[in-house]
Amino acid sequence: MKYYFNEIEKKWQNFWSENQTFKAENNSNKPKFYVLDMFPYPSGAGLHVGHPLGYIASDIYARYKRHKGFNVLHPQGYDSFGLPAEQYAIQTGQHPAKTTEENIRTYRRQLDQIGFSFDWSREVRTSDPQYYKWTQWIFIQLFESFYCKKDNKAKPISDLVTLFEKEGNTNVDAACDDDVIEFLAEDWQRFTDTEQQEILAKYRLTYLSETEVNWCPKLGTVLANDEIVNGVSERGGYPVVRKKMKQWSMRITAYAQRLLDGLNTIDWPQPLKDSQINWIGKSEGASVTFKVMAAEGDVHAEEHVDGIEVFTTRPDTIFGVSFMTLAPEHELVAKITTEEYKEAVLNYIEATAKRSERERMADVKTISGQFTGAYAIHPFTGKPIPIWIGDYVLAGYGTGAVMAVPCGDQRDYDFAKHFDIDIPNIFQDIDISNEAYADKNAVISNSDFLNGLPAKKAIKRAIFELEQRGVGKGKINYRLRDAVFSRQRYWGEPFPVYYKNGLPQMINVKHLPMTLPEVEKYLPTEDGKPPLGNATVWAWDCRTNNVVDNDLIDHENVFPLELNTMPGWAGSSWYFNRYMDANNSTELASKSALNYWRDVDLYIGGSEHATGHLLYARFWQKFLYDRGLVPVDEFAKKLINQGMILGTSAFVYRLEGENKFISSGLVNSQKVQPIHADVSFVNASNELDIEAFKNWRPEFKEAEFIKEEGAFKVSREVEKMSKSKYNVVNPDDICETYGADTLRLYEMFLGPLEQAKPWNTAGITGVHSFLKKLWKLYIKNDEFSVSDEVPTKEELKTLHKTIKKVDDDIANFSFNTSVSSFMIAVNELTAQKCNKRAILEPLAVLISPYAPHIAEELWCKLGHDNSIATAEFPVFDPKNLIESTKTYPISFNGKMRFTMDLSLDLSKEDIEKEVMAHEKTIQQLDGRAPKKVIVIPGKIVNIVG
RNA sequence: GCCUUGGUGGCGGAAUUGGUAGACGCGCUGGAUUCAAAAUCCAGUUCUUUCGAGAGUGUGGGUUCGAUUCCCACCCAAGGUACCA
């Protein structure tokens with residue numbers, strides 16, 4: 001009766017699939033539990049052992065919750081739009097849909113073979129028109145909405161139109177573009193339809209705007225900030241430049257505060273919350289407008305410049321202002337610069353423009369700047385303030401201008417020192433002769449009405465005074481920008497948009513989905529249009545509501561369609577809602593399904609999505625909530641980031657200039673070249689399979705190998721798992737050799753779920769032989785058989801302490817320690833020669849979330865004809881752990897020296913008497929009298945002295 | 001620089017509220033079984049040691065009868081982020 005894992009695993013995978021064991025129902029008397037994984041992008045390379053880590057953890061959790069009586073939703077799908085399929089299409093001409101389909105098939109096979117309890121009847125694919133129909137639908141809802149700041153929620157744009165008709169926009173408090181002008185009801189009536197549309201566009205939650213974007217010429221597309229690493233594209237490492245383009249944007253900034261507040265209501269990892277908080281970058285302070293002083297002889301100066309607006313977090317330091325600095329790109333620079341300084345300013349701007357964004361960021365130490373000749377007027381003192389330009393001020397943050405307070409800001413201080421500008425000290429008893437004082441702990445002085453106030457009070461007072469005089473006001477500034485939503489790609493969701501007189505029009509939702517058109521080529525067109533510009537049938541006929549041939553475009557009835565597609569995060573921002581009712585063709589999900597499942601109870605995925613997917617998805621969820629489309633405004637109550645599994649690379653050493661390899665222990669100080677060897681050639685003792693290595697590449701065929709102690713050893717190093725490092729381990733091979741249950745257990749056994757940890761196949765034999773030992777417990781005389789005898793106290797103790805441990809571990813997501821406790825249990829039961837049903841049946845259930853195939857087989861052999869998934873989880877009974885004696889550690893000055901078995905009934909005094917009489921105590925004390933004896937009954941004895 | 005997380009044997013890692021540091025597994029050493037190998041089983045395995053014992057959880061201090069755990073300072077590593085005004 002051997003443990004034939006391959007047969008067992010195949011058998012049960014088929015059973016689950018045929019019986020739809022894990023299909024979740026949308027109505028049930030059981031409490032609901034929704035366990036979600038971040039769905040994968042189906043790449044051509046398939047899965048390596050690092051990918052399923054999170055899926056195994058969530059699967060254990062889902063199976064455990066089923067045993068505990070929950071109606072569990074545990075779905076899976078594919079984030080199947082994306083760049084790699086498109087790049088492949090560009091190279092081979094193969095339609096991305098085809099590549100994607102093939103990749104999905106590989107993924108599905110690999111996932112099935114690991115034995116996940118996914119409800120595949122709810123599978124979603126973002127690239128499926130039946131799915132992206134609803135992505136397009138949500139886009140239209142965003143277009144038809146604005147953000148009302150009074151009610152702090154999104155509302156229909158028609159509400160806004162009603163308001164405009166009644167009273168114009170003077171009383172409207174809504175998130176909008178900065179350049180909205182005020183108008184009255186009469187004005188609104190007078191505006192042409194086009195003018196009205198242009199105004200509404202400034203309020204819509206998605207809008208077209210001329211934005212400066214990160215354009216990657218090599219990829220022919222716009223990249224989001226998080227797709228750029230160190231100034232080059234994350235994919236491919238191509239250079240990225242700034243370029244102005246008309247793009248769809250999402251007004252995520254309207255939700256900045258709610259995205260911050262919501263973090264307090266969800267159980268997500270602190271580092272992840274911190275990076276979202278950072279990304280949103282809220283800073284509180286004031287905006288202050290500095291009037292510009294008329295240049296000598298220029299009587300009209302004030303007419304062409306209203307003033308320079310700055311944002312500061314320290315309005316309390318306003319009396320310390322001794323100059324202002326504008327970003328070189330600031331639009332006022334040209335207007336205010338005096339004749340005398342024109343040339344110098346132009347030269348400076350030219351010089352900074354030459355330096356790339358990257359250089360500017362890397363080189364923080366060099367101080368540069370240029371005086372413009374112009375002066376601003378201090379709003380309180382009326383003194384002239386010289387206006388400089390300098391590239392330490394960034395055009396993209398705040399207003400692109402700062403009021404410089406050298407005594408309170410190190411950058412201003414350095415700038416002032418460098419250009420010999422005055423550094424007035426406005427802090428009482430603070431020495432600023434060497435550096436600025438940036439803390440908020442000083443008392444303000446030399447500052448008129450702020451004198452004697454501590455910083456925090458001074459900030460409030462300063463804002464009050466600014467507002468009184470109408471030169472500024474309290475303001476909250478966010479680093480978060482509106483999100484660019486257009487991509488110049490083929491393999492993404494098309495926008496449901498056509499253009500009439502240059503104005504975007506939404507296609508009526510009843511004509512969705514707008515499916516991707518066929519194109520000849522997947523590259524941008526020669527005149528720089530996105531790939532959809534290659535489509536010949538991509539025009540909208542308003543009479544028939546059909547996509548028609550471009551030749552029919554007449555701008556009266558037939559109009560051109562949008563050529564951009566949506567970004568990768570569109571489809572992933574709401575998929576968790578779709579799983580609740582994945583096959584609904586009339587709604588994104590039915591009200592009843594949404595109200596039943598509500599939100600994700602446990603979401604597991606990588607931390608790399610902190611400021612991308614996880615921020616956008618929260619934004620969309622809040623929007624959908626505002627519009628009454630979903631019942632909760634945070635989609636995931638709890639989130640866990642699984643750590644990355646790293647590879648353990650193997651290195652062989654080649655003597656420099658020779659085709660001779662030397663075992664790693666013999667290298668010493670010889671000149672060698674380390675070469676990655678494929679990890680599959682190396683065994684648990686780091687010995688290389690020389691024959692396999694020789695056959696690997698022709699250049700090694702004739703190589704010579706210098707062994708140590710009869711073997712050739714490699715050295716190991718932990719690196720990221722990657723093809724080029726030959727340290728990738730394929731789960732298919734592991735399942736073939738050891739089985740899926742072994743893979744699942746080993747991935748959990750490696751270490752804490754959230755921690756990054758190296759994979760080393762060598763250790764897998766430990767968990768594999770554990771499963772074999774487990775199997776053997778159920779075998780007697782080579783037959784499957786268990787006895788119905790009453791279990792002993794010891795056997796019950798082993799079982800129940802394991803139940804308790806596993807319950808606690810799963811509650812803490814500490815899956816690695818439950819694997820250890822299973823091993824301990826099986827070791828103990830083996831030693832006890834336990835073959836009893838009363839122990840072994842609950843044990844099978846206990847292990848089934850972790851190793852479901854072997855558990856099903858044992859369950860079946862124990863005489864059950866239903867799946868073990870339906871079994872109730874064993875219940876811990878503390879009475880099985882009650883002891884009568886305790887092995888006391890006897891310590892001296894806190895150091896344990898020996899142990900003593902004593903009855904738990906003994907009093908403190910009795911314990912002390914017994915311990916003091918013990919020969920080892922006498923020996924330890926060596927004649928000294930103890931100063932003190934600490935006795936904690938049931939725990940420890942500590943003798944001091 | 002700032003924020004976050006972490007630092008324990010040769011390796012992955014254990015140690016609920018401060019109470020026997022190194023569970024469990026790998027590797028290693030020795031043994032049994034075998035013609036041999038695989039597989040399996042048994043014993044040992046933190047370091048030092050004069051074999052009595054002593055030291056030991058990044059470093060240095062502190063609190064405590066007792067600290068991997070709490071406090072202070074510092075060092076190192078990983079991840080995030082940045083002339084953010």
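Chain identifiers are assigned alphabetically (A, B, ...) following the order of the sequence lines, protein sequences preceding nucleic acid strands; residue numbering begins at 1 within each chain. What you are looking at is a predicted structure, and each value in this text was computed from that prediction instead of being measured.
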[N] pairs with which nucleotide, Watson-Crick or G-U wobble, both distances below 3.5 Å?
N	result
B:U29	B:A43
B:G1	B:U81
B:G6	B:C76
B:G66	none
B:U57	none
B:U17	none
B:A38	none

For the aromatic rings, using the six-membered ring if either is Trp, is the centroid distance between [X] and [Y] under 6.0 Å?
X	Y	result
A:Y850	A:F822	yes
A:F749	A:F815	no
A:H768	A:F5	yes

d([atom1], [X]; [atom2], [N]) in whole Å:
X	N	atom1	atom2	answer
A:H609	B:G80	NE2	P	13 Å
A:N760	B:G13	CG	C1'	14 Å
A:L646	B:A77	CG	P	17 Å
A:D808	B:A14	CG	C1'	15 Å
A:W759	B:G25	CH2	C1'	13 Å
A:Q270	B:C2	CD	C1'	15 Å
A:K801	B:C24	NZ	P	10 Å
A:Q642	B:G79	CD	P	16 Å

task = For the pair A:K801 and A:E828, find out whether any cationic side-chain nitrogen is under 4.0 Å from an anionic carboxylate oxygen.
result = yes
query = Would A:E284 and A:K475 pass as an ion pair if we require N to O under 4.0 Å?
reply = no
ask   = Do we get A:K804 above A:F876's six-membered ring, with its NZ or CZ under 6.0 Å from the centre and within 45° of the axis?
value = yes
Is it true that a side-chain atom of [X] and a backbone atom of [Y] form a donor plus acceptor pair closer than 3.5 Å?
X	Y	result
A:S715	A:A650	no
A:K932	A:V944	no
A:N760	A:A762	yes

Base, sugar-phosphate, or nothing for [X], non-hydrogen atoms under 4.0 angstrom?
X	answer
A:S769	sugar-phosphate
A:P752	sugar-phosphate
A:Q755	sugar-phosphate
A:K2	nothing
A:T312	sugar-phosphate

Minimum-distance nucleotide (side-chain atoms of [X] versus [options]):
X	options	answer
A:S275	B:U20, B:G80, B:C26	B:G80
A:T765	B:G25, B:C26, B:C83	B:C26
A:K776	B:U40, B:U81, B:G13	B:U40

note = Per-nucleotide protein contact along nucleotides 50-66 of chain B, 5' to 3', at a 4.0 Å heavy-atom cut-off (B base, S sugar-phosphate only, - neither), is ---SSSB--------BS
task = Check whether any side-chain nitrogen or oxygen of A:K772 sits under 4.0 Å from OP1 or OP2 of B:A39, and answer yes or no.
result = no
ask   = So does A:R479 get a side-chain nitrogen or oxygen closer than 4.0 Å to the phosphate oxygens (OP1/OP2) of B:U81?
value =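 Answer is no, no contact under 4.0 Å.
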message = For A:T899 and A:D809, find the nucleotide of RNA chain B closest to each by heavy atoms; which residue's nucleotide sits nearer the 5' end?
response =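 By nearest-heavy-atom nucleotide position, the 5'-most residue is A:D809.
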ask   = Between B:C71 and B:G12, how far is it from one P atom to the other, in whole Å?
value = 27 Å
